[in-house]
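On a predicted model such as this, the values are computed, not experimentally measured, just so you know. For reference, positions follow the sequence shown, starting with 1. Keep in mind that the numbers below use all heavy atoms, side chains included, and drop hydrogens, waters and symmetry copies.
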Amino acid sequence: MLVLGRNIGDTIVINDNIYITVFETSPVGNRFKIAIDAPRELKISRAELYEHDPERWPKIQAMKEESMRRSRRALKAEKALREREAEQAVRAYKAQHALATEEA
């Protein structure tokens, strides 16, 4: 599985004739919209329509689980980064305050 990070307006091209563009993201939650430009003869379906297909559904479920696992890991890393940045800001403030106190 290829996993790519994209921003709004970024496009992925598949086989020189399929274009997938990140169209819009939700300000809340993990929702987004994509635009797909593909030949008419190419069938494009939502995965949940294959829920009763014993051949396709296990692969769809495995991809969903992998996506959720990666999302949780990314959220944990982002939270840890914010905590480190906050700690650095507090240390910098305390050091600046200590210097100002010494000078006074």
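- Annotation: side chain to side chain contact (heavy atoms under 4.5 Å, CB included) contacts of N17 (sequence neighbours excluded): N15, P39.
- Pairs of residues two or more places apart, or lying in two chains, never qualify as side chain to side chain donor-acceptor pair (under 3.5 Å) while including a residue from residues 83-100.
- In this structure, E24 CD and I8 CD1 are separated by 7.5 Å, a value rounded to the nearest 0.5 Å.
- Put simply, NZ on K64 and CH2 on W57 are 6.5 Å apart, with the number rounded to the nearest 0.5 Å.
- Under the side chain to side chain donor-acceptor pair (under 3.5 Å) criterion, T11 pairs with T21, not counting sequence neighbours.
- Contact record, F23 with A35: CB-N, 4.2 Å, taken as the closest heavy-atom pair.
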List, one per line, each side-chain donor-acceptor pair under 3.5 Å for residues 70-79, sequence neighbours excluded.
| residue | atom | partner | partner atom | Å |
| --- | --- | --- | --- | --- |
| R70 | NE | E66 | OE2 | 2.7 |
| R70 | NH2 | E66 | OE2 | 3.3 |
| S71 | OG | S67 | O | 3.0 |
| E78 | OE2 | R82 | NH2 | 2.5 |

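- Applying the 4.5 Å side-chain rule to ILVMFWY residues, one finds L2, I12, I14, I18, I20, F32, I34, I36, L42, I44 in the same cluster as L4.
- The local environment of CD in E55 is sparse, with at most 12 non-hydrogen atoms from other residues, nucleotides or ligands closer than 6.0 Å.
- Residues passing the salt bridge (charged side-chain N to carboxylate O under 4.0 Å, His left out) test with D53 are R56, sequence neighbours excluded.
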